[in-house]
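In what follows, a single structure is set out as structure tokens and then discussed.
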2 protein chains.
Amino acid sequence: MSRHQQAPITDPKEQFISYMRGLGTRTVLYQHGVASTLGLYNQDYLSVDILREKGPITAGELSKLTGLATGSTTALIDRLEKIGYVRRQNDPHDRRKVIIVPAYEHKAEVSHTYHPLHTAMLELASSYTDEELALITKFLDKASTVLEEQIYHLHAASQSKTSS
Amino acid sequence: MSRHQQAPITDPKEQFISYMRGLGTRTVLYQHGVASTLGLYNQDYLSVDILREKGPITAGELSKLTGLATGSTTALIDRLEKIGYVRRQNDPHDRRKVIIVPAYEHKAEVSHTYHPLHTAMLELASSYTDEELALITKFLDKASTVLEEQIYHLHAASQSKTSS
DNA sequence: TCAAATATCTCGATAATCAAGATATAAACA
DNA sequence: TGTTTATATCTTGATTATCGAGATATTTGA
């Protein structure tokens with residue numbers, strides 16, 4: 001995906017931001033591609049990704065994180081449960097809550113889709129010194145924190161919009 | 001979004017990859033949040049993003065990049081055209097082709113959603129020396145290239161799967 | 001104890017998306 | 001030059017994700 005002819009960015013910080021955006025778009029497209037490869041809808045694959053990171057969470061938490069209505073989340077979980085990617089479990093502390101437990105580790109096709117990017121990223125990491133890699137990793141951590149805050153504010157804004 | 005209790009990652013390269021994944025998930029969630037704020041479907045917002053980077057492209061190219069069927073792409077373009085985000089233009093070199101021209105720059109609400117993240121990223125960039133920022137920017141460039149290659153391979157695989 | 005709040009699922013309506021097909025145009029071939 | 005094949009985009013009917021409202025069960029707070 002080539003960039004069209006805009007005014008060339010000369011400020012290093014603006015250039016940095018432009019590359020962050022480019023990486024963002026490719027990330028989304030990559031995830032869509034993996035979802036399609038696995039025969040999953042985009043939100044289904046995103047949920048797999050969330051569960052991979054967070055481990056077992058409630059249906060309601062998944063609904064909040066994905067931004068889906070609770071009914072859509074139920075349907076999504078049904079789909080994932082049907083193909084063996086998750087299972088539902090009762091919460092012994094709160095009988096209203098349903099815990100969604102990831103179960104896709106046993107699914108070879110899931111790790112199979114991760115593998116090529118994993119290898120390519122290992123190779124990219126290998127091109128840096130230990131110090132450089134540490135700097136980059138720390139940067140990724142900080143960038144993630146920035147995005148989390150932005151996501152939080154977007155949600156807060158839509159909450160207050162809803163109640164007004 | 002906190003990480004659940006996995007075995008702590010000790011290898012720096014594996015840690016790097018883990019943070020890349022975390023950033024990826026937040027990126028997708030952030031984009032969904034912005035789309036929702038703008039009242040756009042996720043694919044609509046992604047298309048705005050693609051057009052922002054690539055400038056005017058044909059309907060078919062947009063279909064390929066988003067992975068949407070051509071009919072869905074037509075409907076998507078209809079929606080964006082309806083709210084003034086894009087306009088259709090004939091290609092003088094090939095009368096079959098329709099060029100999709102971005103027109104959302106005039107839409108204040110679009111730049112308004114970019115603004116908070118832009119500011120936060122400027123601030124993050126400011127915490128680095130010139131050399132560090134250059135290293136990070138170059139890294140982002142390379143990571144994007146890796147993702148592009150992976151996207152390409154995913155598409156190639158699904159093409160060959162289709163024709164078999 | 002009762003009322004209010006919370007969690008998840010059910011349900012009917014809306015609309016995105018798919019695949020097949022239609023139509024116009026361009027490229028390739030005889 | 002004319003015909004056949006390929007390409008580009010839109011149309012169409014079917015499928016299904018998603019929404020918002022509502023139902024039911026459980027928990028919390030007064």
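Convention: sequence-line order gives letters A, B, ...; per-chain numbering from 1.
When distances run from any side-chain atom of A59(B) to the nucleotides dT9(D), dT18(D), dT17(C), the shortest one goes to dT9(D). Residue L68(B) has its side chain nearest to dT17(C) when only dC9(C), dT17(C), dT18(D) are considered. For R96(B), taking side-chain heavy atoms from C-beta onward, the closest of the listed nucleotides dT25(C), dT9(D), dA15(C) is dT25(C).
Residue contacts shown for L76(B) are absent, as no nucleic acid heavy atom lies under 4.0 Å away. Residue contacts shown for T58(B) are limited to sugar-phosphate atoms, with no base heavy atom under 4.0 Å away. Using a 4.0 Å heavy-atom criterion, one finds that G60(A) contacts the sugar-phosphate atoms exclusively.
Here the P atom of nucleotide dA8(D) and the CD1 atom of I57(B) are 13 Å apart, to the nearest Å. Rounded to an integer number of Å, the gap from N90(B) CG to dA24(C) P is 15 Å. Rounded to whole Å, atom P of dT18(D) lies 14 Å from atom CG of D44(B). When the P atom of dC18(C) is taken as reference, atom OH of Y41(B) falls 15 Å away, rounded to whole Å. Straight-line distance from the CD1 atom of I77(B) to the P atom of dC10(D): 6 Å, rounded to whole Å. In this structure, CG of D94(B) is placed 11 Å from C1' of dA24(C), rounded to the nearest angstrom. Distance H93(A) NE2 to dA7(C) P: 15 Å, rounded to the nearest Å. Residue L62(B) contributes atom CG, which lies 11 Å from atom P of dT17(C) at whole-angstrom precision.
Considering only heavy atoms from C-beta on, D11(A) stays 4.5 Å or farther from F16(A) through its side chain.
Remark: R88(B) is in phosphate contact with dC10(D), judged by side-chain N or O atoms under 4.0 Å from OP1 or OP2. The side chain of R79(A) contributes an N or O atom lying less than 4.0 Å from OP1 or OP2 of dT18(D). Within the structure, a side-chain polar atom (N or O) of T74(B) is placed less than 4.0 Å from OP1 or OP2 of dC10(D). OP1 or OP2 of dC18(C) lies within a sub-4.0 Å distance of a side-chain N or O belonging to S72(B). Close to dT25(C), at under 4.0 Å from its OP1 or OP2, lies a side-chain N or O of R95(B).
Ion pairing between a basic and an acidic side chain is recognised when a charged N comes within 4.0 Å of a carboxylate O; R26(B) and E53(A) show such pairing.
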I would like to know whether R88(B) and D78(B) meet salt bridge (Lys or Arg N to Asp or Glu O under 4.0 Å); could you show each step before the answer?
CA-CA 9 Å; R88(B) 280 178 168 94; D78(B) 288 345; 2.9 Å; yes
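Residue Y152(B) qualifies as open at atom OH: its count of foreign heavy atoms under 6.0 Å is 12 or below.
Ring geometry for F139(B) against Y128(A) counts as perpendicular: the plane angle is over 60°, on a 0 to 90° scale with 30° as the lower cut.
If you find the closest nucleotide of DNA chain C to D78(A) and to K97(A), the one lying nearer the 5' end belongs to K97(A).
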